[in-house]
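Here's the structure we're looking at; comments come further down.
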Amino acid sequence: MTVKTKPKTETRLMTGAEIVITALREQGVEVMFGYPGGSVLPIYDALFAADDIRHVLVRHEQGAGHAAEGYARSTGKCGVALVTSGPGATNMVTPITDALMDSIPMVVITGQVPSHLIGTDAFQEADITGITRSCAKHNYLVTDVDQLARVIHEAFLIATSGRPGPVVVDIPKDIQFATGTYIGKEGVHKPTYSPQIDPHPEAIEAVAELISQARRPILYTGGGVINSGPHASEALRKLQAETGIPVTSTLMGLGAFPASHPDWLGMLGMHGSFEANNAMHDCDLMICVGARFDDRVTGRIDAFSPNSKKVHIDIDPSSINKIVRVDVPVVADCAAALEALLAAVKHRKRKRPDLKPWKAEIETWRARKCFSYEPSDTVIKPQYAIERLYALTRERETFITTEVGQHQMWAAQFFHFDEPNHWMTSGGLGTMGYGLPAAVGVQCAHPDALVIDIAGEASIQMMMQELSTAVQFCLPVKVFILNNEWMGMVRQWQELLHGERYSHSYSESLPDFVKLAEALGAHGIRCDDPALLDDKITEMLEHKGPVLFDCRVEKAENCLPMIPSGSAHNEMILGKITGNEIGEAGRKLV
Amino acid sequence: MSDGSGTTAPAGPKSTYFLNHADEAVERRTLAVLVDNEPGVLARVVGLFSGRGYNIDSLTVAEVDASSHQSRITIVTQGTPHILEQIEAHLMRLVPVGEVVDITKSKRGIERELSLIKVAGSGEKRVEALRIAQIFRANVIDTTNESFIFELTGASDKISQFVDLMRPLGLVEVSRTGVLSIKRGKEKG
Ligand SMILES: Cc1ncc(C[n+]2csc(CCOP(=O)(O)OP(=O)(O)O)c2C)c(N)n1
Ligand SMILES: [Mg+2]
């Protein structure tokens, strides 16, 4: 057998559906997101009696998946979603892929047609283990009720450990009805699965040695630091305090290092800061922690940080040397590696080179004020809107989710995070429609906090029905739409790459968002006047229930700075787009 | 698998980059992949190769230990050193994969393949086919007045060579298992 269970763990007889609920309870699940259907009715029946597990009924299964992601990302716990077979399960494919790309721990339970009907093209049958094989970290089709408890415990173990990710458990309806033995989570383990947590001491020594000599070091951190838990952020801050190394982060890593810190360089990458990207390009030591050299981050790979030694700390060996060849690979959990590194650095007596000249150089880049924009008192600039939103929410514990597009980048640039787990965005997959359901998930976990989805008018229409979920469950999420009437990011690329031929990126017809909010039982606010913006934002913040805020902004604003695809980090567009920025090769890139 | 240190330790002060992987030489590798024999495991392995655009030259799989549900998959693949490193790392990432052994790199690898080869003909050609089969120590496992089926085990090259020799002598069809592998010496894996 693949799994040994210690005999002392509790074993009980119950139905498959009860096993599911009991296992979830034992895993500490307090909230799950789901949508019923024929193939999961037995589980829903068992859930009926389970007062201690809150089930949030979404309006579309994709919403359940993103809500589970938001819940997970904001708590560090595993998100759980429950959906029916066939269309319920296929609607989950996008969030499952999203969670895989961004390494979000999530267990998705799908109903399946009864065992004897599998393979017959039965009503609402979909081969969901086949479909999700390449987009889930792992998946199971349960064929024996006695294995069900083990499988669910194993699913949680795999989803939450190592590089986290989504795990799918597909349970045929007859298995849910059948009676079987429940086993506890104690002793469930998977011998072939053993992520490496602790770093190799020699690798840590090598990094410490590099740090002790570096004159122009940089810490390039990513979502892995957040995934690794609060200890990792803490260790990062301590290591930074000890060494004084400037810090930049990917979109996914925002909050691991406080944005208010003087050594914070801002986000790097395609729409990152001038100082972060130049520091990446000119550093002599790059310490990548829990990031993966995504193409949105590296820009032109052959011009990526040409003169630096590179260290890569990652729990996933396949991330190392995938895109960029590194000098010192460290396979380990971020927290463990950073703590070990801190100890090793402290242990070294030799004086490190003075970083003042390096930081002075960084200040000259910072002085370019790359995020500056032309203010206006007639039209709301999207950047201004986010600045005001940030300023007016500083007093409260605030969680931000986003959709995908320009607004997402402006949120990353103009909203600042001092703590991990407060920023939820779809980074790897770039899923429009993520933000609202994610906000629902976050608000479930943090009922008293302020949860805002910074949205675009196009993205919000992808999962807008989840506002109804927010209303039903009294989740006072705020949706702040930067309404530019355009798929702004698409428009920007068309301006940049396609000779201003704006093919199908303008929404000829948009809903009246205020009326829409009211129709769904939420509160709607509209603002198109910069002078009124503060008051309207305050109105939104003071409203007790969910709010849809239609913030009419400058329509043609571009999101800058920008490293055009195919360009290097030191070839950023800062001021205005002229149309000649991207060469032939760059045009072929995404 | 990587132990976290020294998977790559490029010499010299400069980092190396993959400016263009195409200028790296493509190598052929035989990998033994030890997996839990659970449903879908082969699909996961094969899907990994197709999904990430890696090559499979041959693949064999069978359960090798029924009591522990262990299967052994031998994959012959090709790629640049960078791709081959990625293939190993991604295989290890699959939950039911317990171990990946690079048979080629180990230098102690033994590779064998079994083949069944049907040759039809008469007269001179038939005699010649049988004569060559004897040289290659192939067994005749079926015969009619006009045909033979040879069973030949050996290194893949040897089988290919035999097949080439049979071609002008009335080769009808070939069935090959793909490469099986194991390492010399007393240790496992
Ligand atoms: C599901 C999905 N479909 C398509 C895209 C491609 N896409 C990226 S940004 C974008 C436009 C988003 O428009 P909007 O939500 O209004 O945001 P804006 O850029 O205007 O701020 C599109 C279509 C995507 N990321 N996700
Ligand atoms: Mg828009």
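Within every chain, numbering begins at 1; the chains are lettered A, B, ... in the order of the sequence lines, protein sequences first and strands thereafter.
The nearest pair of heavy atoms linking Lys190(A) to Asp36(B) is NZ-OD2, 3.2 Å. Heavy atoms only, all atoms of each residue included: Ala43(B) and Arg133(A) are closest at CB-NH1, 3.1 Å. Nearest heavy atoms, His138(A) versus Pro96(B): CE1-CD, 3.7 Å. Glu85(B) and Asn321(A) make their closest contact through OE2-ND2, 3.1 Å (heavy atoms, listed as atom of the first residue, atom of the second, distance). In this structure, His90(B) and Ser318(A) approach most closely via the heavy-atom pair CE1-OG, 3.4 Å.
Sparse packing is recorded around NZ of Lys125(B), with 12 or fewer heavy atoms of other residues, nucleotides or ligands lying under 6.0 Å away. Under a cut-off of 6.0 angstrom, the local environment of CZ in Arg215(A) is sparse, with at most 12 non-hydrogen atoms contributed by other residues, nucleotides or ligands. Counting non-hydrogen atoms of other residues, nucleotides and ligands closer than 6.0 Å to NZ of Lys118(B) gives a total of 12 or fewer. With a 6.0 Å radius and a threshold of 12 heavy atoms from other residues, nucleotides or ligands, Ile131(A) has its CD1 atom above the threshold. When the shell of 6.0 Å around CG of Asn145(B) is examined, it contains 12 or fewer heavy atoms from other residues, nucleotides or ligands. The number of heavy atoms from other shown groups lying within 6.0 Å of CD (Gln213(A)) is above 12.
If you measure heavy-atom distances from Arg44(B) to chain A, the contacts under 4.5 Å come from both the backbone and the side chain. Of the atoms belonging to Arg300(A), not a single heavy atom falls under 4.5 Å from chain B. Contact annotation for Asp198(A): neither backbone nor side-chain heavy atoms come within less than 4.5 Å of a heavy atom of chain B.
Atom-to-atom distance recorded for Arg93(B):CZ and Tyr193(A):OH is 10.5 Å, nearest 0.5 angstrom.
Side-chain atoms of Thr192(A) come within 3.5 Å of backbone N or O of Val95(B) as a donor-acceptor pair.
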